[in-house]
Amino acid sequence: MSKKKYAVAIRDVIAEEMRSDERVFVMGEDIGALGGVFGCTRGLQKEFGTLRVLDTPISESGFVGIGIGAALTGMRPVIDFMYLDFVYVAMDQLLNQAAKLRYMYGGRASLPLVIRGQQGVGRGNAGTHSQSIEAFFTHIPGFKVVMPSNAYDAAGLLRTAIRENNPVMFIEHKALYIQTEEVPDDPDFMIPFGQAAVKRSGSDATIVATSLMVSRALEAAERLAEEGIEVEVIDPRTLIPFDIDTVITSVKKTGRALVVHEAHKNNGPGSEIASQIMEKGFRYLDAPVARLGAKACTLPFSLVLENAVVPSVEDIIQSVHEICYH
Amino acid sequence: MAVDVIMPKQGLQMTEGTIISWMASEGDSVQEGDPLFEIETDKLTIEIGAPATGVLLKILSQEGDVVPITERIAVIGEQGEDISELIAQQQSGPEQDQPTEPEHTEGPKTVQPAGEPAEQVATGGSSRYASPRARWKAEELGIDVSSIQGTGPDALVIEQDVLQYAQQAPKATPLAKRLMQQSNTDMDSVQGTGPRGKIYSRDLVSAEPVQPAAAQPEDTIGKLSGMRKTIAARMRESLDTAAQAVHRVDVDMYEAVRLRKRLKAAEIAVSFNDIIVMAVAKSLRKHPNMNSAFTDDGIITYGSVHVGVAVALDEGLLVPVLRNADSMSLHDIHQETRRLGEAARSGTLLPDEMTGGTFSVSNLGMFGIDSFTAIINSPESGILAIGAIVEKPVVIDGEITVRPICQLSLTYDHRLVDGAPAALFLQEIKKMLSNPYLLL
């Protein structure tokens, strides 16, 4: 085990996979000479050269297209998005091509393509640099959608993503890059997709939280415990595939559920999770499933307003009170 | 003349009631019909009027007491009336036939179970709504959720209310408790039929004359054997993948019967099954399209003819394979079929002897089955189901005559073979069986 920052854990897994598999290469804006805006590719070009660590023009649609072609012909590209908000520039390549090619080829082609980058709030980057994009990729079938909430999961899930033969949307969070945790040194350390982590055990209510919201849910749980409300916190880690079984097992115990994410609440991934809880665990519920997500407005530039738009620890505590009829 | 005030029966299901309050004290004058006391049952809370006009001479059951229905709880009479005799009757009156026990001298109060809290007084009516979880828990505990007062929003019954209710629910009604005391019955030996196994007096009545229910065999569930699992999976897989269609034909076995008799006379034992297997093998050689398998990569046409012969065991079905059956003599087929059948029954069949078939036959003639549809032994192209040989009237050359007839049913995979070529194959078998000398 080594203590690592989230961003360093990402870089190390990419480097290790590039060393062990020459088909792995990375592509993106300012990732070579600069090493990435957040340092996730720092030093890679020095070790692997400009052919395997490619600085691209500002042309997302173009370099995603190159990645798809490379993946179809046997390479294992890892495409870096400086901000995941920019996937909207490349939506045709991502959702009309990458998501569908394996199906279009009758399952006879594989598409080992990883799209990774950071999203979310925390730096006051405003409307086009602070969004959460997962809902688009959980809606259209074809991508596996991964959202690590800590350095340990980031390392284990990224290695699984690079070795996966289907396209993976690997969603990091800008506010988590400095999160530090013990990460296994094992060069084959992998966390399988579709396996949720129970971050905290409790008997009174279940919180399903993703990415940055996992730490907020845990903080809320600590404060609720002081009042005698024991909350179970589950991090699904991957939205596609989604480990509903772990969630239902928890809801069977607690009878109450709250889903928290940073993406907009309206038509967000929490709507799907809440529906599945009601479909598969209706009889266990003592209260309607609650949802928390960003308000239906553009992410503001002002940090004060930004904080007001996305769920806070206080919002989570209040919501748990509501489902517990306090 | 003194009048008894009794615990009234409010509704068919009521066996007892809790006295919540008295609206008059001993010595007060009461009017018939005026509210005298309030009771609570497991369904409702209700005020009960005085049964007569007079003076409330004696209150026998206090607030909080749980009293069986029809039990006297108070006496109304004239001022100064002596009711000591009446009250003394209380001890033995209702149960004169029963041996009097000391506890009874205290009157109905003894029905209040010692150490158990009185039923909680509901603050209002029961709730109309319960959360799914509350319903689930109530169902598990055998509690009627509609009898619970909810504490959730809009009086929603939630899990906590059910659990609390369950904790308070007494395990037996006072009447049942007293009956058990009288008959020295151990509470644990009685199966209650009420919520959460609460014991009612009727449970004791039904428990007394021991009438064991007519022994009805219970449903059982047996563990799946490995063989059963394999058969189940293979049958399902066969029906899920192959497009199975069936042709049937009657075959005149007259000559086959004669052939078998002659061979028998020469002390060469063969069965009809052997003759049919031989006809199938030879026909497969002539119709290679039936000696094939369907795969996504294309149709495999086998170079060899290996015929599987279904063998029924007690545990299930096995299909040992006659290799290169088309080049075997009738005698060889007979010997090999017998050897494989015995090996199957003794469990010594080798895995190789059960695999690699290209076509199968299944015979239920020995059970008198006229005709049946067999399921293809995947990935083979077909299976021939052989019925019993039965003497039937047939018309030959314009005359009715009796002939031994055997019905053959060919199940074939329509993905591989269409109806017409499958018919030609079955026709070939029929031809060979009608004139078995063609086989030799």
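Numbered from 1 within each chain, the chains take letters A, B, ... in sequence-line order. Source: prediction; values computed, not measured. As a basis for the values below, the full set of heavy atoms in this structure was taken, side chains included, without hydrogen atoms, waters or symmetry mates.
Legend: residues meeting salt bridge (charged side-chain N to carboxylate O under 4.0 Å, His left out) with B:R415, ordered by chain and number and at least two apart, are B:D413. For the salt bridge (charged side-chain N to carboxylate O under 4.0 Å, His left out) test, no residue two or more places apart in sequence or in another chain qualifies with B:D219. With sequence neighbours left out, the side chain to side chain donor-acceptor pair (under 3.5 Å) criterion links B:S225 to no other residue.
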Polar contacts chain B-chain A (donor-acceptor, d < 3.5 Å, no H, no angle):
from: B:S131; atom 1: OG; to: A:D286; atom 2: OD1; distance (Å): 2.3
from: B:R133; atom 1: N; to: A:R283; atom 2: O; distance (Å): 3.1
from: B:R133; atom 1: N; to: A:L285; atom 2: O; distance (Å): 2.7
from: B:R133; atom 1: NH1; to: A:V251; atom 2: O; distance (Å): 3.2
from: B:R133; atom 1: NH1; to: A:K252; atom 2: O; distance (Å): 3.0
from: B:R133; atom 1: NH1; to: A:Y284; atom 2: O; distance (Å): 2.6
from: B:R133; atom 1: NH2; to: A:K252; atom 2: O; distance (Å): 2.6
from: B:R133; atom 1: NH2; to: A:K253; atom 2: O; distance (Å): 2.9
from: B:E139; atom 1: OE2; to: A:R283; atom 2: NH2; distance (Å): 3.3
from: B:E159; atom 1: N; to: A:D286; atom 2: OD1; distance (Å): 3.0
from: B:E159; atom 1: N; to: A:D286; atom 2: OD2; distance (Å): 2.9

